[in-house]
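To find a chain, count down the sequence lines: A is the first, B the second, and so on, and within it residues start at 1.
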Amino acid sequence: MPDPPPGQLDAQRWSDWYLGYASRLRAFLYSVLRDHHLADEALQATFAKALARGGEVQAGSERSWLFQLAYREALQIRRRSQMEQRNRPLVVETRNLESPVSAEEELSRQELVQQIQDALRELPVEQREVVRRRIYLEQTFQQIADELSLPLGTVLTRMRLALRKLQQVLKSQQ
Amino acid sequence: MTIDDFNADSDWQVYRYVSRDMNDDEAMAFEQRLADDLALCEAVAEMQLLCDAVVAVETPPATPRRSQRLSRAGALWMTVAAVAVLAVTVWLNGPIEPQSGEMSHGVASTSDAVRVLSAWSSLQDVDTESDVSTCDEEQLNLGPEQVAVPDWMLAAVVIESVDEPEGLPAEMNERQGADAL
């Protein structure tokens, strides 16, 4: 099999990078772009450039390189998207559906959901209630404090403690 | 712990960015750090994955489709429709000879009438919790003596009687008003 052109990533390494980092890169891109379609577009652009130039990246530093590349792609796409929205304000917003992911990503996601579910069960009831109201019901912390008749600081503290425990689950999965 | 103490917490800052709790200036300053802080980028990714997982856990699963069950009313309507089609078919098969002062009725053979009545009986007796197509074959072979026939069906099915000079056949007269054979 002929060697890839200089700078180009070979297929096996590209595949390894995708399987290893696509899920987290997609989550990162979505948090920056707030749109699943744009996040997927940025992810595709990132890995297209990774294929073209990833061969020059030193082994062990691909994670940092990929995140930086993804971030730049996200900013570029966001600028373009904002310009398009200014020029076409009457474009009807389509449903922001999640883009399809690979089977491996879906399996990894399902495992994470299961672990988070177990971790949520182990949280104190009062912490779990704050997490549910804030993340799932999208209530503000002030609304939660008002409805539960609690000081705002208590609500924030419960959320912070709960997040710390849930983050430990993520770290243990790595 | 004050709000400022919270805001100084790096993990809390990540959560506020992911959950859009930051104002525009704060978000812009945070994003500038993302450009060359790998740990911060990964923290953002992890927090987003965590929030997505919490939503997935809390979202109730889609209600599975219930197994198809025919209500008794639905079964009866199907039966009525099927028998009506049969009756019309039987009616159209034979010659229509209007009698003076009488309604015209189609003419059917005795065996056809028995089959219609048997089918009616079997459909009435079918367990409405199960698929109609799995009816026991024996139920389809019930004799007419075990069937309760509605009056309108009797009116739609005329037993041919070639010797009857006028009006309705004698057998029809006997059956009119009968609740059962």
Next item on the list: For the pair R78(A) and E31(B), find out whether any cationic side-chain nitrogen is under 4.0 Å from an anionic carboxylate oxygen.
Entry: yes
Turns out that what part of L120(A) lies under 4.5 Å from chain B's heavy atoms comes down to side chain
To the nearest 0.5 Å, atom OG of S19(B) lies from atom CZ of R134(A) at 4.5 Å
Using a strict threshold of under 4.0 Å (side-chain N to carboxylate O), is an ion pair present between D52(B) and R26(A)?
no
So CZ of R164(A) and CG of D11(B): to nearest 0.5 Å the spacing works out to 7.0 Å
When rounded to the nearest 0.5 Å, the distance separating OH of Y15(B) from CD1 of I135(A) is 5.0 Å
Margin query: Starting from F30(B), can I reach Y71(A) by hopping between I/L/V/M/F/W/Y residues whose side chains sit under 4.5 Å apart?
Written below: yes
Checked A27(B), A56(B), A43(B), A35(B) vs chain A; the most non-hydrogen pairs under 4.5 Å come from A35(B)
Output for pair (Q68(A) CD, L38(B) CG), nearest 0.5 Å, gives 8.0 Å
Greatest number of non-hydrogen atom pairs under 4.5 angstrom with chain B, of T140(A), V32(A), V131(A), falls to V32(A)
Q: State plainly whether the residues R160(A) and D9(B) are in salt-bridge range, i.e. N to O under 4.0 Å.
A: yes
OG of S31(A) to CG of L34(B), rounded to nearest 0.5 Å, is 7.5 Å
Item checked: Trace of the side chain to side chain contact (heavy atoms under 4.5 Å, CB included) decision for Q48(B) with R24(A) -> CA-CA 9 Å; Q48(B) 183 66 58; R24(A) 287 175 185 274; over 6 Å; no
>> Are more than 12 heavy atoms, taken from residues, nucleotides or ligands other than E106(A), located less than 6.0 Å from that residue's CD atom?
In response: yes
To the nearest 0.5 Å, atom SG of C51(B) lies from atom CG of L163(A) at 7.0 Å
Counting neighbours of CG on D24(B) that are heavy atoms of other residues, nucleotides or ligands and sit closer than 6.0 Å, is the number greater than 12?
no
**Asked** L161(A) and V14(B): same hydrophobic cluster, using ILVMFWY side-chain contacts below 4.5 Å?
**Response** no
Within the 4.5 Å heavy-atom criterion, are R128(A) and E58(B) side-chain neighbours or not? yes
For the hydrophobic clusters of this structure (ILVMFWY residues joined by side-chain heavy atoms under 4.5 Å, transitively), does one cluster hold both Y21(A) and L19(A)? no
Counting heavy-atom pairs under 4.5 Å with chain B, the top scorer among L137(A), L25(A), L75(A), V113(A) is V113(A)
Heavy-atom nearest pair, A27(A) first then A45(B), reads CB-O, 3.6 Å
When the 4.5 angstrom heavy-atom criterion is applied to R72(A) and chain B, the contacting part is neither
Closest non-hydrogen atoms of L112(A) and A53(B), given as atom of the first, atom of the second and distance, are CG-CB, 4.2 Å
Above 12 or not: heavy atoms from other molecules or residues under 6.0 Å from CD of Q58(A)?
-> no
- Should F28(A) and E42(B) count as side-chain neighbours, where that means a heavy-atom distance under 4.5 Å? no
- R34(A) side chain reached by R20(B) side chain, heavy atoms, under 4.5 Å: yes
So, the part of D21(B) with a heavy atom under 4.5 Å from chain A: the answer is side chain
